[in-house]
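Beneath this line is the structure, given in structure tokens, with notes to follow.
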Protein chains: 2
Amino acid sequence: MVTISDIAKKLGITPSTVSRALSGSPRVKNSTREAVERMAEQLGYERNEAASSLRRGKINAVGIVVPRINRAFFSNVIGGAESVLDEHGYSVIICQSHEKIEDEVKALKMLRSNRVAGVLISHAIPSENGNHILENIDPNAVLVQFDRVFSDLPGPRIVSENYKGAYEGTRHLIENGYRRIGNIAGYLSSEAYVQRLQGYKQALLDMGMEVDEEIIFYDSIVRETGYQAGKLAIERGCDAVYSAGDYSALGVIDAVREAGLRIPDEFGIVGTANEQFTGLMTPSLSSMAQHPYEMGRRAAQAFLTSLKPGAHVGEVSVPMELIIRESSSRNHIGIL
Amino acid sequence: MVTISDIAKKLGITPSTVSRALSGSPRVKNSTREAVERMAEQLGYERNEAASSLRRGKINAVGIVVPRINRAFFSNVIGGAESVLDEHGYSVIICQSHEKIEDEVKALKMLRSNRVAGVLISHAIPSENGNHILENIDPNAVLVQFDRVFSDLPGPRIVSENYKGAYEGTRHLIENGYRRIGNIAGYLSSEAYVQRLQGYKQALLDMGMEVDEEIIFYDSIVRETGYQAGKLAIERGCDAVYSAGDYSALGVIDAVREAGLRIPDEFGIVGTANEQFTGLMTPSLSSMAQHPYEMGRRAAQAFLTSLKPGAHVGEVSVPMELIIRESSSRNHIGIL
DNA sequence: GGATTTTGTGCAAACGTTTGTATTTTTGCG
DNA sequence: CGCAAAAATACAAACGTTTGCACAAAATCC
């Protein structure tokens, strides 16, 4: 492997000048810089990152810690983050917490051991606060949280506009003439679900409808619980449901089918997250899309700007987008 | 940050002994090893990976290069690989080729620059051979290919049992009484699709049916082309289709619905890949499942065993599995 | 044209770990 | 008890890069 010393020797200069030339220091003459670059190219030089990292005390890499990388949402975030980090010469080291605090801590230690320049993290569900993160993150690394965030931790937080999204999803149903709209809510231990619930409620109020706790169903994020909730919603006179998740919306569809109601003519449904399957099923499912790829990009950008001295990035909102499909599109729009 | 010298000083010994103690060398007394471990624990020591990497000339990390990490298949492979690599103290650096040779080369150079111990790769589609990989991979790194492999490259290759899978998928349709079974084939430039086609043909022959090129449709991997192929298949008298992809199978379903045929009573379908949506739609779609997570695990294991001197890993097959769902399950099984 | 600033390079140390070789300590044995 | 062998530790160099400081050469000023 060729080193800067090899280049220096060939050109009759010293390694320090070569180093400066390659790193674009203004303290080297243009002619020598060019000579160095040519020689580096010619010899096929590639910087030894380990040596560089050791000397500088940090590595040109950021760690991304997610519960599971094979979840569509997270893999898209990672994809987005990688695309901008790569452009700026940073590698991406990925870690999975498997929703366990223990593994999360292990990952943070590993990243600290590698002296990464930054950590992008969406924490494991069981954790109640960010203490274990604060205790185990490299104090010199930039911390960026996304999606699942603790407001007591320092640094940028990238979140979806959950409130606004749920608000618009609900309003969309009202504007399509549905008159009694239930809500499938998630776990209120999660900030995102709390905000979606609030958005749903506010939309009802703003459109002159009332909030009825009878038709709000909590702790439901999978198909089966969605099905149970859907049956109750129908029983209690709903003609539509806004669901804070797509899987539970799927369960609602099961219940609606079982009841013999036609979608969307007799029953409307809007889900959340725009999972891939929503666009492929029949009827296709309207959904409030999150934009995980964009979220990843913003998280990476937040890291990059935080690097600059004096810069401070706070909370960054990523818009959600209503994807209107069959499950909420009545043939005859029933706006009053 | 605490170093091995700090530990050494506290204990009145030298850094070399501390290093050996921590790395489990047999050349250090048990009592001192324990003392070192206690002190390391107490001071909160963590090895500086950059220094270690520099000295050893390689880093405890492997790079994974995939077209896109947000594709379900690849993110599952990565998840599987990470799970075993993590256990053995290796970090995972991920890179996306975006299906471009140029980006793939860039990724390989970056990994070489980092002196990774291994590279797990599934190559970009446009490449016709592995030359650019061979030229740009770190000669000291272990190369492991998965899913999309070049047989002219050295090192382990992890592939799905495509032939066997297609064979069984087709046989399953025959055993369910379908009598004229079409095939939606992919691009024959890809080894995987070639093998699936062969498996389909052989199953027909082995079951005493004949292969009819009229009902084999090539270059179809998306919903729209599947739809076109499905229409033709129906026109040409098929009562079932084995599709080498799930998306094209989806298109076939569209065509079958349009023709007013009932699934599975009048028309049977089996797809391939077991994409998430196959289990969520109505009717649910039978599919030959690949096991990407397992493939990732095996790729990582192949890397680990290749590390041992003298060990040689060749081609590793990952079984496929027929997931029988509604689209191919007739109420009355029509075995002759 | 001499003094002073600017510009470009060289020198040398440092980052923290690993490891071949040398040295010391301990053990075993007659 | 003495000596050789074995075990444990110390010494020192090396990995390749970066960077503060010193220094020389060129440019600028009065």
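These numbers come from a predicted model, not from an experiment. Chain naming here is simple, since letters A, B, ... match the order of the sequence lines and numbering starts at 1 in each.
Annotation: side-chain hydrogen bond (donor to acceptor under 3.5 Å, both in side chains) contacts of B:D138 (sequence neighbours excluded): none. Residues satisfying the side-chain hydrogen bond (donor to acceptor under 3.5 Å, both in side chains) criterion with B:N136, sequence neighbours excluded, are absent altogether. Looking at residues two or more places apart in sequence or on another chain, you find no ring-ring contact (aromatic ring centres under 6.0 Å, His included) involving A:F146. In this structure B:E34 satisfies the side-chain hydrogen bond (donor to acceptor under 3.5 Å, both in side chains) test with no other residue, sequence neighbours excluded. Residues forming a salt bridge (charged side-chain N to carboxylate O under 4.0 Å, His left out) with B:R148 (at least two apart in sequence, or on another chain): B:E99. When the ring-ring contact (aromatic ring centres under 6.0 Å, His included) test is applied to B:F74, no partner is found at least two apart in sequence or on another chain. Looking at residues two or more places apart in sequence or on another chain, you find a salt bridge (charged side-chain N to carboxylate O under 4.0 Å, His left out) between B:K106 and A:D86. For B:R55, the salt bridge (charged side-chain N to carboxylate O under 4.0 Å, His left out) test picks out no residue, with sequence neighbours left out. In this view, B:R112 and A:E46 satisfy the side-chain hydrogen bond (donor to acceptor under 3.5 Å, both in side chains) rule, not counting sequence neighbours.
Distance A:L54 CG to D:dG16 P: 12 Å, rounded to the nearest Å. Between the P atom of C:dG16 and the CG atom of A:N114 lies a distance of 15 Å, rounded to the nearest Å. The distance between atom CD1 of B:I13 and atom P of D:dC11, rounded to the nearest whole Å, is 12 Å.
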Just the table, please: protein N/O against nucleotides 17-21 of chain C N/O, every pair under 3.5 Å.
residue, atom, partner, partner atom, Å
C:dT17, OP1, B:Y45, OH, 2.4
C:dT17, OP2, B:I4, N, 2.7
C:dT18, OP1, B:R47, NH1, 3.4
C:dT18, OP1, B:S52, OG, 3.4
C:dT18, OP2, B:S19, OG, 2.8
C:dT18, O2, B:R55, NH1, 2.1
C:dT19, O4', B:R55, NH2, 3.4
C:dG20, O6, B:R20, NH2, 2.8
C:dT21, O4, B:R27, NH2, 2.9

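Contacts with DNA chain D (heavy atom under 4.0 Å) in residues 29-39 of chain B: B:K29, B:T32, listed by number.
Put simply, the side chain of A:Y293 does not reach to within 4.5 Å of the side chain of A:V77, judged on heavy atoms.
Recorded end-axis angle for the helix from C:dG1-D:dC30 to C:dG30-D:dC1 stands at 40°, based on five pairs per end and rounded to 10 degrees.
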